[in-house]
Amino acid sequence: MPGRSSPKRKKRQPKRDSSSARTKTLQWLQIVTVLFVCAASYVIWLDARVKSEFEGRRWALPARVYAQPLELFAGLALSRQALIQTLQGLGYQQVKQIKGTGEYQVLSDAIRLSTRAFKFWDGEEASRRIQVTFSENAIANIMNVSNAEPLAIIRLDPSLIGKIYPEHNEDRVLLAYEDVPPLLIDALIAVEDRNFYKHFGVDPKGILRATWTNLRTGELKQGGSTLTQQLVKNFFLSHERTFWRKFNELIMAILLERRYSKAEILSAYINEIYMGQHGAQAIHGFGTAAEYYFARPINELRIEQLALLVGLVRGASYYNPRRHPERAIERRNLAIRLMLEQGYLSEQPAEKALVAKLGVTEKPGWSSAKYPAFLDLVRRQLHRDYSSEDLRSEGLRIFTTLDPAYQEIADNNMAKQLQRLETAKQLPENVVEGAGVITNINTGEVLALIGGRNKQDIGFNRALDAKRPVGSLIKPAVYLTALTQAAKYNVLTPIEDKPVNIRQKGGEPWVPKNYDNKIHGTVPLYIALAKSYNLATVQLGMQLGIAPVKKTLRQLGIETAIPDYPSLFLGALELTPMQVTQMYQVIASGGFQIPLKTIRAVLDKQGNPIQRYPLDIKQTLDTNTAFLMQFLLSEVVNQGTAKAVRAKLPHLMPLAGKTGTTNDLRDSWFAGFGDNILAVVWLGRDDNQPAGLTGASGALAVWTEIMRELKPEPLSLLPPQDVQWLEAIAYDEKGDNCANMKQFPYRLPYLPTQTTHCKKAQPKEKPAKEKPAKEKPTIKNPWSILNL
Amino acid sequence: MVDIKFIIIIITLCCCLPFAACTSVPKPEQKAPVPVEERSVPVEEKHKVETTTTPPPSPATEPTPVVEVTEPITESELEVKQTSGPAVVALLDDVDQYEKAGKSDQAAATLERALRIEPRNPKLWQRLSYIRLQQGQWQQAIAMAQKSNALAAGDKQLQLTNEKIILQARKMLNR
C-alpha cells in the first residue's frame, strides 16, 4: 500500500530539498564571492598598472646634434647648385609649385623656397617663403615672396648630423596632439579602427567585421584590435600570443578608456607605436618614423607617405619599405583605398597617391655615422660639461660648428688624393693614413675634421689622438722668437746655413743635415724659413736659446711637455693635428689665441637655451710680430717649399703655410691658411714606418685640392699700425740683382737707416747710346744687422 | 566545465567594472599629459640640466659690475652701420633690440653672427668688446678691443675708443 512509505518520503523530501538547496545556494554564493573578490582585486591591480605606466612614463631621449645652419645673404659666395645640395641634405623636396614648408622650386637663375621655422639659441627663425637669385656663383639678392621686399639675411634650419643615444637605444620625435596632421588621424581610424570614437576600448562589432572579411577573402587582412588595444600591447605587454595576454589586453584597454580621453589615447598611440628597427635601435612613434623613413618632419609628408606609415603599424618588419618595397606599396595602397572608401580622401588626390613612388630615403633619415670623427670631438667636449646620463636622456639639442659642405670636400679630397699618391709613388694600397682639421681663423670654429682616410671608420680618430713628431712645422716658433727681439732680428737678418755639431751629455753629438744635404751659406732670415733650411734654423735656435723658444710655444698654445733638447728646433716634439691647428691659429689670427670650438650652444628638449659657448680670445703674440710671421709663411708658398700651391692656385694667392717632414719621411705635414680659413693636413702610417711622402709631396697635395674647392679668401697683408713696407733687393743665390726688388715688412721703429743706390742691370741687346742707369734708392747690404 | 568557468569569469568581471571605477581615486587634475611635457614623476636632481641665462662670472667676481665711465663712450663712437653690408646692418638692428631689452647674451651671439660675415670689421669687434665691458668680462673686453685695434690701422678715432675700453677694463681688473 502506498500510504505507509509516502508520508515518510513526503516528510523527508521537503527537509532534504530545503537543506540541500540552501547548502547549494550557500556554496554557490561562496564561490561567487571568492571569484568576485579575486576578479575585483585583479582588475584593480591592472588599473593601477595602467595608470602608473601611462603617467609614470618618461622617455629617455637622445641628444640631437646639429651642424651649423646655412646663413643666406646677398653677396654670399654660394652657387645655385650648392644651395640645392644643401636643401636636399635637409630633406627639402623639389616641387613645381610651393605649397608648404620644406619645399623648393628651381627657376632659371633663382630658387624659390619655403623655409622651416626653427628655434635657435638666440631666437626663433620664422618660416618664410623666399626667392634667392644668383649671379656668378654668388647670391645676388634675396626677396621675401610674401611682401616682395628684400630680405637682408635668413638662416635655414640646421642639418641633423647625429644623436647620442641612451643605453637602451630609445629615441622619439615626440608629437604634441595639436601638431599631428589631421590626415594621419583619419588614416589611422580608417585603416585600423573605424569605430575608435565610439567603442569603449574593445570593439565587438569590429571583431565581427574583421572575422567576416577574413573568412570571406580567405586572408588575414584585418585584425579586430582597436587602437587602444594596440597601445596596451605596445606599452605593457610582451609579444607572447597567449590567451592570457589577450585577456589582459582586453581588460586594460577598457580600463584605459575609462581613465583617459580619446585624444590622450590617440596621442600616446601616435608616439608609442612600434614602427621599425635600425640595428639595435627601435623606432617608436610616427614623428620618429617620419624622420627615419623620409628624413622630413611629419607635417611635410604627403598623403601616400602618411598612408605608408599607417600601413606599417601592422608589421613594421614585414612591410619594411626598404627591404620589401612591393609589400610596402601594396599595404600603402590598401590604406589609401580604405581612406577613400570611408570618405577621408577624395578621388583625385587618392588616385595621385596610389601611383606615387614610395619616396623613402635610401638610408635612414639621420645617420650618426655621417661624420663620426667630428661627432667624436663633439662628444668629448660635451663630456667636460655634462654627465653621460644627461647627454643620453635629456633630449638636449646641441648646435655645433660643423660645415657639412666643407666636411664632404675634406673627406672626398683626402680619399682621392691618397689613392692618387699611392699610384703615382707606387706605395702600397690603403696603408698611408691621413688626418685633417679645418677651422675659421677669426672665430676658432672647427668647420671640418678628418679622422682617417675612410670617413666611415669610427676607429682611431687621428686628428685628435695621433701624436706625431711635427718636424719643420715647429720652425715658425723659432723664427717668431727671433722676431720678438725686434731690435736684433728682422725678416732680412742674415743667418748662416752652416754645419752644426752639438755635443750632448752622455751621447752621440747631434749632427743634423739639410734635406738636400747641401750647405747654403749666408741667407736672409725669410729664405731660411721659406726653404726650411735645417742648419740655418738650428744656428738661429742656438743663438736664441731653448727657453725663449719654449716660451713662444707656450704663447702659441702648446700645453704639453716640451723637450729641452736642441732637436726641438727641428721638431722633435709630438703633437696631434688638433694641437698643431691650435698653434697655427694664433699666427693666422694675428697673435690671438682662440680655443678651437666645436659647440656653439646647447638647448633643452623644448628648445630653451641652457648654455652658450661664446667667442673667447686672448692676445698672446704682439700683432706686429705675428704679421711678420704671416709674411714669412706667405713666402714659403710664394717661393719656398710650398710653391706648388702658387702654381696650382694662382687665383687664391696670397696664401701662407708651412711644410713639415720628419726623418725617413714618416710624417708628412702641411699647415696653411688664407684670410678666413686654416687647414692642417697630416699623412703617415699608423705603424710609423716611412710613408714615402714629404710635406710638400704628400700633405700639401691634399691641402691644395681641399683649398681649391673651399676657396679661402686671400691673405690680406695689410700691415698693422707699427709695420711698414720697404723695398729691398730680394735674395738671389747668384748674388745681388737690382732687377729683383721686393717689398719687405719692417717693424717700427727698427727701420734700416743706411741706403745705397742700385745700378740697374744692363739689358743684353743694348743700343750704342747708353742711357745713364736709373738710380733707385735701396738698402746697403740688406741682410746685415741694422744700425739704429 | 572550462566553458562555464570562462563565462562565469567574464560575467563576474563585467559586474566588477563599476566597482573598479569606484575603487580608484579620481584625480581630475592629473590627466595623462601630452607626451612632450614632463611627466608627474619629478626629475631627479642629478638629472636636472641647469638653465643659465646669466653670463659666466667675471674673474673679479663682482655681483653687479658697475662700470664707472670716467671717459664716456658715446653711441656715435660705436656706430658700425656705416661701414657694413646690408646683412650685417640687419643683424645690428637685432643687436640694438636685444641690448635695449637687456639681453646682452643674445646681443653678443648676434654680433658673433655678424662677425662670421665680416670678420675684418674692426667696429664689430669693438661693439662686442663694449658688450663684454658692460657684462663685466674685463679680460674679454680687453682682448676684443685689442683685436679691433689690430684691424684698425690708420683709424685714429676707432683706436681711441678701443683704448678707452681697454683702460676701463684694466681699471676694473686692478681693483
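Per chain, numbering begins at 1; letters A, B, ... match sequence-line order.
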**Q.** Which atoms of B:Leu128 approach chain A - backbone, side chain, both or neither, heavy atom under 4.5 Å
**A.** side chain
Q.
What I'd like to find out is whether the side chain of A:Phe73 reaches to under 4.5 Å of the side chain of B:Leu91, using heavy atoms alone.
A. no
Q: Taking the side chain as every heavy atom from C-beta outward, state whether A:Pro614 and B:Arg132 have any pair of such atoms under 4.5 Å apart.
A: yes
Q. Under 4.5 Å between any side-chain heavy atoms of A:Asp122 and B:Arg113, yes or no?
A. yes
(Q) One thing to verify: whether B:Asp105 and A:Arg612 come together as a salt bridge, which I'm taking to mean a side-chain N less than 4.0 angstrom from a carboxylate O. (A) no
Q. Which answer fits A:Pro150, side chain, backbone, both or neither, if we ask what part of it has an atom under 4.5 Å from a heavy atom of chain B?
A. neither
Q.
For the interface with chain B, which of A:Glu713, A:Lys618, A:Arg155 has the highest count of heavy-atom pairs at distances below 4.5 Å?
A. A:Arg155
Q: Go through the atoms of A:Asp675 and report whether side chain, backbone, both or neither lie under 4.5 Å from a heavy atom of chain B.
A: side chain
Q: Name the member of B:Arg116, B:Gln106, B:Lys103 that forms the most heavy-atom pairs with chain A at distances under 4.5 Å.
A: B:Arg116
Q: Only counting residues at least two apart or in another chain, list the ones meeting salt bridge (charged side-chain N to carboxylate O under 4.0 Å, His left out) with A:Lys597.
A: B:Glu112
Q) So which of A:Leu72, A:Val602, A:Ile617 has the largest heavy-atom pair count under 4.5 angstrom toward chain B? A) A:Ile617
**Q.** Closest approach of A:Ala152 to B:Ala90 (non-hydrogen atoms, all atoms of both residues)
**A.** CB-CB, 3.5 Å
Q: Can you measure from CD1 (A:Ile153) to CG (B:Asp93) and round to the nearest 0.5 angstrom?
A: 12.0 Å
Q: Under 4.5 Å heavy-atom distance to chain B, tell me which part of A:Ser716 shows up: side chain, backbone, both or neither.
A: both
Q: May I ask you to decide if A:Gln619's main-chain N or O and B:Gln146's side chain share a donor-acceptor pair within less than 3.5 Å?
A: no
Q) For B:Ala150 and A:Phe592, which heavy atoms make the closest approach, and how far apart are they? A) CB-CE1, 4.3 Å
**Q.** Residues of residues 155-163 of chain B within contact distance of chain A, non-hydrogen under 4.5 Å
**A.** B:Lys156, B:Gln159
Q. A:Leu615 versus B:Met144: any side-chain heavy-atom pair under 4.5 Å?
A. yes
(Q) Contact between B:Leu115 and A:Asn442 at the side-chain level, heavy atoms closer than 4.5 Å - yes or no? (A) no
**Q.** Pick from B:Ile117, B:Leu111, B:Thr110 with the largest number of heavy-atom pairs that fall under 4.5 Å of chain A
**A.** B:Ile117
